[in-house]
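Heads up: the structure comes next, in structure tokens.
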Amino acid sequence: MPRPPMVAVIGRKHSGKTTLTVRLAAELGRRGRRVMTLKHGSHTFNLDPATTDTYRHYHEGEAERVAMSAPDKFAIVMRWSEELPPEEIAARWLADADVVVCEGFKASALPKVEIWRRAEHDAPLYAVGTPGAAHYLAIVTDADDLQADVPILHLSDSDWVSRLADLVEQKVMGRS
């Protein structure tokens, strides 16, 4: 299955993954790219509260799939016995994207952007010379003294989002 270009935003809990994902997706969208996102969760979720009919379809009716349709959006909730890798999810359901910005999936082989804020954590996930380091595209940080074999973008720089979008377009999407 062909899949669109993908990049994973990773980091420890409360590091700013969601904020970075949203800002990167918005910047790529402003540039005319068709952006889709994929969020990894470590626990189950509900798209609608227990008081809704669709919740009852899924939980009480034990439907395999429940499609929810409204004038402005559409969603499908489906059961699965085995979690699919992000590449397969993108190939099946997000194939028409110019780029998919993933939040999480740090164990995948996707190109990665780590967000590391010294204010929240002592050290980044990134470690020079480890096998996982080869998948890194960049690190976004508030630290001035971080050493890495990949570009380091500082949160204090006003153009860090634009520079990150440039990297994604060049290295992930193959555009200059």
Side-chain angles (χ1 to χ4, degrees), residues 1-117 119-121 124-126 132 135-140 142 155 160-161 164-165 168-169 172-173:
M1 285 182 239
R3 69 164 175 88
M6 301 172 72
V7 61
V9 174
I10 65 167
R12 299 183 197 279
K13 191 171 185 160
H14 302 296
S15 59
K17 294 182 299 294
T18 299
T19 299
L20 192 153
T21 299
V22 168
R23 292 195 60 190
L24 177 58
E27 176 62 23
L28 290 166
R30 275 191 289 281
R31 295 177 180 206
R33 308 301 184 201
R34 188 167 190 197
V35 182
M36 299 183 191
T37 62
L38 176 57
K39 165 82 171 99
H40 184 256
S42 56
H43 50 80
T44 194
F45 62 91
N46 288 317
L47 290 179
D48 52 350
T51 57
T52 64
D53 292 343
T54 51
Y55 180 95
R56 292 189 61 209
H57 289 208
Y58 188 80
H59 293 281
E60 293 175 34
E62 297 182 15
E64 182 180 323
R65 291 184 191 147
V66 176
M68 294 170 276
S69 177
D72 63 336
K73 63 184 99 169
F74 172 78
I76 293 179
V77 177
M78 62 184 273
R79 298 176 194 283
W80 62 21
S81 58
E82 184 178 321
E83 184 175 6
L84 297 175
E87 297 89 347
E88 190 169 339
I89 294 169
R92 286 188 188 188
W93 294 293
L94 308 174
D96 55 338
D98 289 334
V99 63
V100 176
V101 181
C102 301
E103 181 179 336
F105 301 102
K106 65 183 171 192
S108 75
L110 294 172
K112 292 177 180 54
V113 174
E114 180 177 353
I115 175 79
W116 173 56
R117 292 184 305 126
E120 292 295 325
H121 302 285
L125 298 169
Y126 177 88
H135 297 287
Y136 271 67
L137 179 65
I139 300 172
V140 177
D142 61 357
L155 290 165
W160 71 265
V161 177
L164 180 57
V168 169
E169 286 182 323
V172 176
M173 300 174 71

Closest non-hydrogen atom pair, Asp142 against Ala119: OD2-N, 3.5 Å

Euclidean distance, Leu38 CG relative to Met6 CE, rounded to 0.5 Å: 5.5 Å

Acceptor/donor pairs from residues 67-79 side chains to any protein atom, 3.5 angstrom cut, sequence neighbours excluded:
unit_1 : atom_1 : unit_2 : atom_2 : d
Arg79  : NE     : Ala63  : O      : 3.0
Arg79  : NH2    : Tyr58  : O      : 2.2

Side chain to side chain, Val140 and Val9, heavy atoms closer than 4.5 Å: no

Donor-acceptor under 3.5 Å (Trp116 side chain, His121 main chain): yes

Check: Pro124 main-chain N/O paired with Glu114 side-chain donor or acceptor under 3.5 Å: no

List the atom pairs, with distances to 0.1 Å, where a side-chain N or O of residues 13-25 and a protein N or O form a donor-acceptor pair under 3.5 Å, not counting sequence neighbours.
unit_1 : atom_1 : unit_2 : atom_2 : d
Ser15  : OG     : Arg12  : O      : 2.6
Lys17  : NZ     : Gly11  : O      : 3.4
Lys17  : NZ     : Arg12  : O      : 3.1
Thr18  : OG1    : Glu103 : OE1    : 3.1
Thr18  : OG1    : Glu103 : OE2    : 2.7
Thr21  : OG1    : Lys17  : O      : 2.8

Trace of the side chain to side chain contact (heavy atoms under 4.5 Å, CB included) decision for Val7 with Leu110: CA-CA 6 Å; Val7 61; Leu110 294 172; over 6 Å; no

Atom of Pro86, atom of Ser108 and distance for their closest heavy-atom approach: CG-CB, 4.1 Å

Side chain to side chain contact (heavy atoms under 4.5 Å, CB included) between Glu169 and Val99, intermediate numbers included: CA-CA 9 Å; Glu169 286 182 323; Val99 63; over 6 Å; no

Residue pairs passing the ring pair (Phe, Tyr, Trp, His ring centres under 6.0 Å) test where at least one lies in residues 92-111, sequence neighbours excluded: His40-Phe105

Tyr126 OH to Ile10 CD1 distance, which is reported to the nearest 0.5 Å: 11.5 Å

Closest non-hydrogen atom pair between Pro4 and Ala95, with its separation: CD-CA, 3.8 Å

Met36 vs Asp96 side-chain heavy atoms within contact, under 4.5 Å: yes

Interatomic spacing from CD in Glu83 to CD1 in Ile89 - rounded to 0.5 Å: 6.5 Å

CZ on Arg34 to CG on Leu28, rounded to 0.5 Å: 14.5 Å

Ala109 backbone acceptor or donor facing His135 side chain under 3.5 Å: yes

Gap separating the CD1 atom of Ile139 from the CG atom of Leu125, nearest 0.5 angstrom: 9.0 Å

Ala90 to Val100 - nearest heavy-atom pair and separation: CB-CG2, 4.4 Å

